[in-house]
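First the structure, in the form of structure tokens, and then the observations on it.
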There are 2 protein chains.
Amino acid sequence: MVNDLINSNSSTTQILILKAARKIFIKKGLSGARMQEIADEAGINKALLHYYYRTKDNLFNAVFMEALKHIQSEFFIILNSDRDLFDKIRFFFDRYISFLQENSFLPGFIIHEINQNPDRLVEFFKNAGIRPPINLIIQVSEEVKNQRIIPINPIQFLLNMLSLAIFPIIASPLIKGIFEIDDPDYKDIIEQRKKELAEWFIDSIMIKKSSNEEQKE
Amino acid sequence: MVNDLINSNSSTTQILILKAARKIFIKKGLSGARMQEIADEAGINKALLHYYYRTKDNLFNAVFMEALKHIQSEFFIILNSDRDLFDKIRFFFDRYISFLQENSFLPGFIIHEINQNPDRLVEFFKNAGIRPPINLIIQVSEEVKNQRIIPINPIQFLLNMLSLAIFPIIASPLIKGIFEIDDPDYKDIIEQRKKELAEWFIDSIMIKKSSNEEQKE
DNA sequence: ATATGGTTTAACCAATTGGTTAAAATTAAA
DNA sequence: TTTAATTTTAACCAATTGGTTAAACCATAT
């Protein structure tokens, strides 16, 4: 029988299946993936696949929820970390881009599947009890109020950070095509982003003390 | 018989089919779309569908190529327009985001299908004779050299512009979910971006003449 | 009027696909 | 060793799906 919790005994095969399903679903999406292909990838037969996960939808949900949790928790861990705003920005670009480099198909997969069926997201957030990153939103508002950064809507602030980090990863084949860049060169570009993006972004929002008010503070 | 060129006589139905295919393919992707659904959407029957476009792949390619050309030409028209760099940036954010608002599923569709089959992109660029936007790359390099903008890799420059414009559109269901924003509010946020993004971006790359060298020029 | 090309109807086909079943074989637990 | 749980084999099923076919229908232009 299938255990809901992944325990020590029955876990091996179940995890094997999940890994295979992850690989295939993330690459091909729900409608593009084939149960047979997942079974092959896991090195087992279709009957056993259905023995553990009765339906394709079942298996897909397991993969999707796990993926969403993964990408989301990484994001929230960074944003809720106990740091100064600027450090947090540095931390974000470095760590989140690294994370995305190692999971380059994840965000595209999630976005595509949410577009196919937005209800899945609602369900997920309800089950996982996920809340917006109020921490950072407050932090940004505070820094605006303290005139350390320019007046900016915290949502726009976050949207910019996410865009700059995620888009170059999910659109990489397209970008490589447009700019005629090969794989190693593009990797270099992403590495450069990891190094420079944070400082540029900080610079773009930071209010520099002008010389005629330097006596203050 | 099917004409390669869309002419006055046979065009009506063919265009009707193409419109329907566009809608379905862009929403559901190649593997998610059904020929029957496309026929229904076009208000015709499956036989006629295959009469005009023999295979699903055929029809898909027509849609995909058209979509790619659409999004690409909009981009290149803006970037090759005869403007000052800063004006071009303003023009880009305003016009490209407006374009994306009206075609919100286009970029996600293209990115997803390119990920599924990157060869399609190569084929497309070969057929359409598309070149990287050297114009703007040179323009950026020049402005760096003239010290009007900070030293920045033109590719990073373009990547930032594209990211900031496109990501909030393709990830909108996800963002709405995370930040608990409803449709009209999100529309406002995009409108705000259209207004503010350009000036913020320009500010972030522009080198302001400091007061102790204002006598120059 | 008749030929022509677009369109419908509707049955049909073969391949694919998600899913099942039941029996046998293997493994691990008692 | 016996029992129970895993895993394989392999045949099978029903539904879906891309695609075909052929006859009939309809409009229109010659």
Side-chain angles (χ1 to χ4, degrees), chain A residues 1-65 109 113 116-117 120, chain B residues 1-65 109 113 116-117 120:
Chain A
M1 272 296 124
V2 180
N3 296 329
D4 274 291
L5 297 175
I6 298 169
N7 60 35
S8 52
N9 296 333
S10 66
S11 67
T12 321
T13 305
Q14 213 173 334
I15 286 180
L16 211 70
I17 292 175
L18 208 63
K19 271 186 187 168
R22 208 183 286 154
K23 184 170 170 185
I24 303 298
F25 276 131
I26 287 178
K27 209 198 304 181
K28 309 215 166 172
L30 170 57
S31 65
R34 301 287 160 244
M35 291 301 267
Q36 186 59 58
E37 203 182 352
I38 293 172
D40 291 348
E41 176 71 34
I44 57 161
N45 53 322
K46 216 176 49 165
L48 194 60
L49 219 181
H50 282 96
Y51 173 77
Y52 278 99
Y53 295 87
R54 264 163 315 190
T55 67
K56 189 186 186 184
D57 263 358
N58 241 320
L59 183 53
F60 175 82
N61 274 331
V63 168
F64 180 77
M65 293 302 170
F109 166 68
E113 296 300 340
Q116 296 309 301
N117 182 358
R120 256 197 280 273
Chain B
M1 272 296 124
V2 181
N3 295 329
D4 275 292
L5 297 175
I6 297 168
N7 62 34
S8 53
N9 295 333
S10 67
S11 70
T12 321
T13 306
Q14 212 174 334
I15 287 182
L16 212 69
I17 292 175
L18 207 64
K19 270 187 188 167
R22 206 182 288 155
K23 183 169 171 187
I24 303 296
F25 276 132
I26 288 179
K27 207 199 303 179
K28 308 215 167 174
L30 171 57
S31 64
R34 301 285 159 245
M35 292 299 268
Q36 186 59 58
E37 203 182 352
I38 293 172
D40 292 347
E41 176 70 35
I44 58 160
N45 54 321
K46 216 174 48 162
L48 195 59
L49 218 181
H50 283 95
Y51 173 78
Y52 278 98
Y53 296 87
R54 263 163 316 188
T55 66
K56 189 186 185 184
D57 264 357
N58 240 321
L59 184 52
F60 175 80
N61 274 331
V63 169
F64 180 76
M65 294 303 170
F109 166 68
E113 297 301 340
Q116 297 308 300
N117 183 358
R120 256 197 281 271

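Throughout, a chain's letter reflects where its sequence line sits, starting with A, and its residues are numbered from 1.
The C1' atoms of five pairs define one axis at each end of the helix from C/dT7-D/dA24 to C/dA30-D/dT1, and these two axes lie 10° apart (to 10°).
Judged purely by atom type and a 3.5 angstrom limit, A/K56 uses its side chain to pair as donor or acceptor with the backbone of A/L30.
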Go through it in stages, so that I can follow the logic: the residues are A/N117 and A/E113, the test is side chain to side chain donor-acceptor pair (under 3.5 Å), and I'd like the CA-CA distance, side-chain angles, deciding distance and then a yes or no.
CA-CA 6 Å; A/N117 182 358; A/E113 296 300 340; over 6 Å; no

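Of the side-chain N and O atoms in A/R34, none sit less than 4.0 angstrom from OP1 or OP2 of C/dT16.
Taking atom CD1 of residue A/I24 and atom C1' of nucleotide C/dT17, one finds them 16 Å apart after rounding to whole Å. The CD-C1' distance, from A/Q36 to C/dG18, rounds to 11 Å in whole Å. The distance between atom CG of B/L59 and atom P of D/dT17, rounded to the nearest whole Å, is 16 Å. Between the NE2 atom of A/H50 and the P atom of D/dT8 there is a distance of 15 Å, given to the nearest Å. The distance from atom CE of A/M35 to atom P of C/dG19 is 6 Å, rounded to the nearest whole Å. What separates CG of B/L30 from C1' of D/dG18 is a distance of 12 Å, to the nearest Å.
Nearest heavy atoms, B/L16 versus B/A42: CD2-O, 3.3 Å. The two residues A/L48 and A/T13 have their closest heavy-atom pair at CD2-CG2, 4.1 Å. The shortest non-hydrogen separation linking B/K28 to A/Q116 is CA-OE1, 3.6 Å. A/A20 and A/I38 make their closest contact through CB-O, 3.6 Å (heavy atoms, listed as atom of the first residue, atom of the second, distance).
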Tabulated below should be each protein N or O lying under 3.5 Å from an N or O of nucleotides 7-15 of chain C; please produce it.
from	atom 1	to	atom 2	distance (Å)
C/dT7	OP1	B/T13	OG1	2.6
C/dT7	OP2	B/T13	OG1	3.0
C/dT7	OP2	B/Y52	OH	2.7
C/dT8	OP2	B/N45	OD1	2.7

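In this structure, CG on A/N61 lies 9.0 Å from CZ on A/F25, to the nearest 0.5 angstrom.
Residue contacts for A/A39: at a heavy-atom cut-off of 4.0 Å it reaches no nucleic acid atom on any strand shown.
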